[in-house]
Amino acid sequence: MNQDNVKERVLAASSALFEKQGFSNTSLEQILAEAKCSKSAFYHVFESKDELAAAWFADSVYAEWFAGMQSRKELSAVDKLREFNDVFLRLTEQTFDVSRAAALCRHQVSSVKRNYYLDSARPYNRIICSLILEGQKRGEIRGDVSHVELAKVYCLLHRGLVFDWCLSEGAYSLLEFGRRATDLCLRGFLPLERGKRN
């Protein structure tokens, strides 16, 4: 059985089942039956059901957003980072139930493939670094801290927001709270003289 074919069928089946039943209410057996896939073929391609939570998080959504953002020269880099934050948080909250988001957190920590999340070539990470560099070149974002360090802070904020949302079992709007937290964080990205005024 072709590995790409298995991956495609399992991802399609799991996405449909997760959307219909939720992540925690969907068993691996249901996914395999829907995908018409054996357990051994599944484990040849995926580490666990938790990896399916991560597999959905397609960077293509971010890349598409970024392509559309390129023409929006009137926005500052900080405003673009705020908008990117909204895309990330809205996508997470609307597409994931808390158990699926928790599975994503587990997978990121336990997976041998965790380097993907930190890979500078990953579209999510490239977009954040690109926006920060753009802001530094335009004098909108402080230049006394490297773009790599600022990007790490921004990414840590995202991971922390999702983790806390899972811990509190989705008791609050991830988008609304995330906007406030991101705004506070981005104030620290402003050049020192501008940051003091805010």
Side-chain angles (χ1 to χ4, degrees), residues 1-67 84-130 148 151-172 174-175 178:
M1 193 178 286
N2 180 329
Q3 281 188 3
D4 288 338
N5 190 338
V6 167
K7 184 174 185 174
E8 207 172 276
R9 288 189 328 212
V10 168
L11 289 175
S14 62
S15 288
L17 289 167
F18 294 160
E19 191 167 321
K20 182 179 176 185
Q21 303 173 177
F23 181 84
S24 59
N25 294 326
T26 302
S27 70
L28 180 57
E29 289 69 27
Q30 289 173 310
I31 295 167
L32 297 177
E34 184 74 23
K36 296 176 180 45
C37 173
S38 70
K39 202 175 254 192
S40 64
F42 173 85
Y43 283 115
H44 209 79
V45 178
F46 298 99
E47 291 177 16
S48 66
K49 178 184 154 190
D50 286 353
E51 187 175 353
L52 297 176
W56 168 87
F57 232 71
D59 283 318
S60 61
V61 174
Y62 303 136
E64 186 178 312
W65 172 86
F66 188 62
F84 185 67
N85 180 64
D86 279 5
V87 169
F88 172 82
L89 296 172
R90 187 176 290 114
L91 212 51
T92 302
E93 189 168 34
Q94 290 177 352
T95 309
F96 278 46
D97 58 23
V98 172
S99 62
R100 189 172 180 189
L104 175 62
C105 292
R106 274 193 311 275
H107 183 264
Q108 288 177 348
V109 171
S110 65
S111 173
V112 295
K113 298 177 184 176
R114 82 173 64 104
N115 288 342
Y116 173 73
Y117 300 102
L118 303 175
D119 185 352
S120 61
R122 180 182 174 213
Y124 169 87
N125 296 322
R126 266 197 344 258
I127 289 166
I128 293 165
C129 281
S130 175
V148 173
K152 184 172 184 163
V153 168
Y154 186 88
C155 294
L156 283 169
L157 175 67
H158 277 177
R159 287 194 295 272
L161 285 167
V162 172
F163 185 76
D164 186 73
W165 185 65
C166 292
L167 283 177
S168 64
E169 298 179 348
Y172 57 85
L174 180 61
L175 178 61

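Taking each heavy atom of Thr26 and Ile31 in turn, the nearest pair found is CG2-CG1, 3.7 Å. Of all heavy-atom pairs spanning Asn125 and Cys155, the tightest one is OD1-SG, 3.7 Å. The two atoms that bring Ala41 and Ser38 nearest to each other are N-OG, 3.0 Å, heavy atoms only. Between Gly178 and Asn85, the shortest heavy-atom distance links the atoms O-ND2, 3.7 Å. Listed here is the closest heavy atom pair of Ile127 and Ala63: CD1-N, 3.9 Å. Closest approach of Ala151 to Cys129, counting heavy atoms only: CB-SG, 3.7 Å.
Side-chain contact between Leu91 and Trp65 is absent, with no heavy atoms from C-beta onward closer than 4.5 Å. Looking only at side-chain heavy atoms (C-beta outward), Arg9 and Val6 come within less than 4.5 Å of each other. Side-chain contact between Leu156 and Arg159 is present, with heavy atoms from C-beta onward closer than 4.5 Å. Counting heavy atoms from C-beta outward, Arg126 and Ser120 have side chains that stay 4.5 Å or more apart. Contact check for Val61 versus Phe66: no side-chain heavy atoms found under the 4.5 Å cut-off.
From Leu157, atom CG reaches atom NZ of Lys152 across 14.5 Å, with rounding to the nearest 0.5 Å. Distance check: His158 NE2 to Thr92 OG1 gives 8.0 Å after rounding to the nearest 0.5 Å. Between Tyr172 atom OH and Trp165 atom CH2 the span is 9.0 Å, to the nearest 0.5 Å. One finds the CG atom of Leu28 at 5.0 Å from the CZ atom of Phe42 (value rounded to the nearest 0.5 Å). Taken to the nearest 0.5 Å, the NZ atom of Lys49 stands 11.0 Å off from the CG atom of Leu32.
A distance-only check finds a donor-acceptor pair linking the side chain of Glu93 to the backbone of Leu175 [under 3.5 Å]. At distances below 3.5 Å, at least one donor-acceptor pair connects side-chain atoms of Asn25 with backbone N or O atoms of Gln21. In terms of modelled atom types and a separation under 3.5 Å, the side chain of Ser15 and the main chain of Ala12 share no donor-acceptor contact.
Annotation: Tyr124 is not in aromatic contact with Tyr154 [ring centroid separation under 6.0 Å not met].
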Steps toward side-chain contact (heavy atoms from CB on, under 4.5 Å) verdict (Val162, Phe88)
CA-CA 10 Å; Val162 172; Phe88 172 82; 3.9 Å; yes
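Other residues, nucleotides and ligands contribute more than 12 heavy atoms inside 6.0 Å of the CD atom of Glu29.
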